[in-house]
Chemist: 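Before anything else, here's the structure in question.
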Amino acid sequence: MDGFERLDSPAEEILVAAVTGTLYGVGMGPGDPELLTVKAQRILQCAPVLVHFCKRGRRGNARTIADAILRDPAREMALAYPYTTEIHPEHPDYVAALAGFYDDAAGQLADHLGAGRDVAILSEGDPFFYGSFMHLWRRLKDRFPVEVVPGVTGMSGCWTRAGTPITWGDDVLTVLPATLPLAALTERLRVTDAAVVMKLGRHLPKVRAALAAAGVLERAIYVERGTMAGERVVMLADKADDDAPYFSMVLLPGEGRRP
Ligand SMILES: C[C@@]1(CC(=O)O)C2=NC(=C\c3[nH]c(c(CCC(=O)O)c3CC(=O)O)Cc3[nH]c(c(CC(=O)O)c3CCC(=O)O)/C=C3\N/C(=C\2)[C@@H](CCC(=O)O)[C@]3(C)CC(=O)O)/[C@H]1CCC(=O)O
Ligand SMILES: C[S@@+](CC[C@H](N)C(=O)[O-])C[C@H]1O[C@@H](n2cnc3c(N)ncnc32)[C@H](O)[C@@H]1O
């Protein structure tokens, strides 16, 4: 799509600049603002509408990363989740509330885009990797031009801060959400060479049990808020409690071929 509509006229084809804005999904990286891409910074400086997700009453990690760049709150729109941990994600009330929340947000963004204003959605890490951006992208992509700017993922930031390569040689890397049941986590951990377990929060005791059952607990590294303020890196076996924020993960580095 080149941003122009072609109209046929008897004399010539007239190019008319399309009036719609572009929807940008902007990867913000894992936390450290120096890990923002040059492209992300340019779009943050120029876009007339800047959107970020957050938990009610909180600032939002994606928005916090932009602190060094954003100085104009008039351009900003916060989208606060109706629920995160208050009800189970498979409960019909959660599903209905989230669907309504995304529909409503997509409607608001469509108004801006339809009026010709570009909209940039700030996405922690990479927008297409478990990102909320995807739920708005799905609702808007067939009506408006879209550009996605990849970001350094949270897991990449975390294994870098842990000072460990994650895969060698033929290692297979498995990415697991900690929200899976214990049996599923254990089964996947048994067969993989390397793993990243995301979305820890209150699921850490279950993840610890799965790692132990798969016989790999001793190799597991716990990383909290990698590259962000308040970062913590520790071997999981040395972590005495099971308290973990949502923005934490467990890394299981591979031990593959090293000539
Ligand atoms: C329900 C649950 C299940 C699950 O994770 O599967 C879930 N979020 C949970 C917890 C939680 N979420 C957040 C916090 C506060 C964090 C803080 O402020 O520190 C907490 C923890 C807390 O409230 O304590 C905020 C948050 N969440 C997302 C973003 C935006 C982003 O990252 O793009 C931000 C703002 C981040 C920021 O600040 O930038 C994104 C997503 N969260 C989703 C689901 C997916 C939507 C699913 C749907 O549409 O149905 C989606 C799109 C992607 C995905 O995760 O797949 C899980 C409960 C697990 C449990 O305990 O059982
Ligand atoms: C909704 S997913 C978003 C992932 C993000 N789009 C990415 O590319 O990394 C949220 C999960 O990512 C992980 N995460 C993202 N950034 C992180 C960081 N800087 N430190 C620790 N965990 C992080 C956590 O496991 C968290 O539960």
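In this chain, residues are counted from 1 in sequence order. Atoms within a ligand are numbered from 1 in the order they appear, just like the ligands themselves.
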Chemist: If you measure from each heavy atom of F133 to ligand 1, is any distance below 4.0 Å?
Modeler: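 It does not; every heavy atom stays at 4.0 Å or beyond.
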
Chemist: I'd like the name of whichever of Y83, F101, Y94 reaches closest to atom 1 (C) of ligand 1 through any heavy atom.
Modeler: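 When every heavy atom of Y83, F101, Y94 is considered, Y94 comes closest to atom 1 (C) of ligand 1.
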
Chemist: I'd like to check whether K199 has a polar contact with ligand 2, where a contact means an N/O of the residue lying under 3.5 Å from an N/O of the ligand.
Modeler: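 Yes - when backbone and side-chain N and O of K199 are compared with those of ligand 2, one distance drops under 3.5 Å.
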
Chemist: Tell me, please: is R59 in heavy-atom contact with ligand 1, that is, under 4.0 Å?
Modeler: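 The answer is no, since R59 has no heavy atom less than 4.0 Å from ligand 1.
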
Chemist: Check if G60 has a non-hydrogen atom at a distance under 4.0 Å from any atom of ligand 1.
Modeler: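 Yes; G60 lies near enough to ligand 1 that a heavy-atom distance drops under 4.0 Å.
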
Chemist: Using every non-hydrogen atom in the two residues, find where T192 and A195 come nearest and quote the distance to one decimal.
Modeler: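 It is CG2-CB, 4.1 Å.
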
Chemist: Give the atoms of ligand 1, by number and element, whose distance to some non-hydrogen atom of K199 is under 4.0 Å.
Modeler: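 Per the distance check, 4 (C), 5 (O), 6 (O), 54 (C), 55 (O), 56 (O).
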
Chemist: Only heavy atoms of Y130, strictly under 4.0 Å: list the atoms of ligand 2 that pass.
Modeler: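 Result: 1 (C), 2 (S), 3 (C).
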
Chemist: Hey, does M235 have a side-chain heavy atom less than 4.5 Å from the side chain of I221?
Modeler: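 They are in contact (side-chain heavy atoms under 4.5 Å apart), so the answer is yes.
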
Chemist: Can you find a protein heavy atom under 4.0 Å from atom 26 (C) of ligand 1?
Modeler: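 Yes, because at least one protein heavy atom sits under 4.0 Å from atom 26 (C) of ligand 1.
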
Chemist: Determine whether the side chain, the backbone, both or neither of C158 has a heavy atom under 4.0 Å from any heavy atom of ligand 2.
Modeler: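 It is the side chain that touches ligand 2; the backbone stays farther off.
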
Chemist: Nearest heavy-atom pair of C158 and G226: which atoms, and what distance?
Modeler: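 Minimum heavy-atom contact is SG-CA, 4.0 Å.
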
Chemist: Should the proximity of R225 to ligand 2, defined as any heavy atom under 4.0 Å, be assigned to the side chain, the backbone, both, or neither?
Modeler: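 R225 to ligand 2: backbone contact only, side chain stays beyond 4.0 Å.
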
Chemist: Using a 3.5 Å cut-off on N or O atoms only, is N61 in polar contact with ligand 1?
Modeler: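 N/O-N/O distance under 3.5 Å: yes.
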
Chemist: Out of all atoms in ligand 2, which are within 4.0 Å of some heavy atom of G154? Include the element for each.
Modeler: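 Here the atoms of ligand 2 in question are 7 (C), 8 (O), 9 (O), 15 (C), 16 (N), 17 (C).
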
Chemist: So, the side chain of D171 versus the backbone of G256: is there a donor-acceptor pair under 3.5 Å, distance only?
Modeler: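 Yes, the answer is positive, given that a donor and an acceptor are paired below the 3.5 Å cut-off.
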
Chemist: Could you list which atoms of ligand 1 come closer than 4.0 Å to a heavy atom of S132?
Modeler: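 Matching atoms, with element in brackets: 28 (C), 29 (C), 30 (C), 31 (C), 33 (O), 40 (C), 41 (C), 52 (C).
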
Chemist: Would you mind listing which atoms of ligand 1 come within a distance below 4.0 Å of any non-hydrogen atom of R58?
Modeler: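 Those qualifying, in numeric order: 15 (C), 16 (C), 17 (C), 18 (O), 19 (O).
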
Chemist: Between P150 and T37, which heavy-atom pair has the shortest distance, and what is it?
Modeler: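 Looking at all heavy atoms of both residues, the shortest contact is O-CG2, 4.0 Å.
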
Chemist: Can P177 be said to touch ligand 1, with heavy atoms closer than 4.0 Å?
Modeler: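 Per 4.0 Å heavy-atom rule, P177 does not contact ligand 1.
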
Chemist: Of the choices G25, P245, P89, which has the non-hydrogen atom that lies closest to atom 3 (C) of ligand 1?
Modeler: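 Closest candidate by heavy-atom distance is P89.
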
Chemist: What atoms of ligand 2 come within less than 4.0 Å of a heavy atom belonging to G125?
Modeler: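 Here the atoms of ligand 2 in question are 7 (C), 8 (O).
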
Chemist: Can you tell which part of M134 has a heavy atom less than 4.0 Å from ligand 1: side chain, backbone, both or neither?
Modeler: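 No part of M134 comes within reach of ligand 1.
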
Chemist: Short list, please: which atoms of ligand 1 are under 4.0 Å from a heavy atom of A62?
Modeler: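 It comes down to these atoms of ligand 1: 39 (O).
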
Chemist: Can you find a side-chain donor-acceptor pair between Y81 and S132 that sits under 3.5 Å?
Modeler: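 A pair is found: one side chain offers a donor N or O, the other an acceptor, under 3.5 Å apart.
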
Chemist: Under a heavy-atom criterion of less than 4.0 Å, does Y102 contact ligand 1?
Modeler: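 A heavy atom of Y102 does come that close to ligand 1.
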
Chemist: Just which atoms of ligand 1 are under 4.0 Å from any heavy atom in R202?
Modeler: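 In order of numbering, the contacting atoms are 60 (C), 61 (O), 62 (O).
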
Chemist: As an exercise, identify every atom of ligand 2 less than 4.0 angstrom from a heavy atom of M249.
Modeler: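 Listed by number with element, the hits are 13 (C), 14 (N), 22 (N), 23 (C).
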
Chemist: Relative to the heavy atoms of F247, which atoms of ligand 1 are at a distance of less than 4.0 Å?
Modeler: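 The list of qualifying atoms is 36 (C).
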
Chemist: Using distance alone, determine whether Y246 and ligand 1 share an N or O pair under 3.5 Å.
Modeler: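 Looking only at distances, the answer is yes, because the N/O contact criterion of under 3.5 Å is met.
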
Chemist: Identify the heavy atoms of F133 and F53 that sit nearest to each other, and give their distance.
Modeler: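 It is N-CE1, 4.0 Å.
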
Chemist: What are the two closest non-hydrogen atoms of A105 and L136, and how far apart are they?
Modeler: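 Nearest pair, atom of A105 first, then L136: CB-CD2, 3.9 Å.
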
Chemist: Taking 4.0 angstrom as the limit and counting only heavy atoms of H135, give me the atoms of ligand 1 inside it, by number and element.
Modeler: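 Answer for ligand 1: 49 (O), 52 (C).
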
Chemist: If the cut-off is 4.0 Å to any non-hydrogen atom of P30, which atoms of ligand 2 fall inside it?
Modeler: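 Ligand 2 atoms under the 4.0 Å threshold to P30: 19 (N).
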
Chemist: Looking only at distances, can you tell me whether any N or O atom of S248, backbone or side chain, sits closer than 3.5 Å to an N or O atom of ligand 2?
Modeler: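 Looking only at distances, the answer is yes, because the N/O contact criterion of under 3.5 Å is met.
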
Chemist: Run the numbers for me: atoms of ligand 2, each under 4.0 Å from some heavy atom of M228, listed by number.
Modeler: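 Checking each atom against M228, I get 19 (N).
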
Chemist: Is there a heavy atom of S123 sitting under 4.0 angstrom from any atom of ligand 2?
Modeler: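 The answer is no, since S123 has no heavy atom less than 4.0 Å from ligand 2.
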
Chemist: At less than 4.0 angstrom from any non-hydrogen atom of G131, what atoms of ligand 1 do you find?
Modeler: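 Matching atoms, with element in brackets: 33 (O).
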
Chemist: Hey, does the side chain of D118 reach the backbone of G21 with a donor-acceptor pair shorter than 3.5 angstrom?
Modeler: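 Checking the backbone N and O of G21 against the side chain of D118, no donor-acceptor pair under 3.5 Å is found.
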
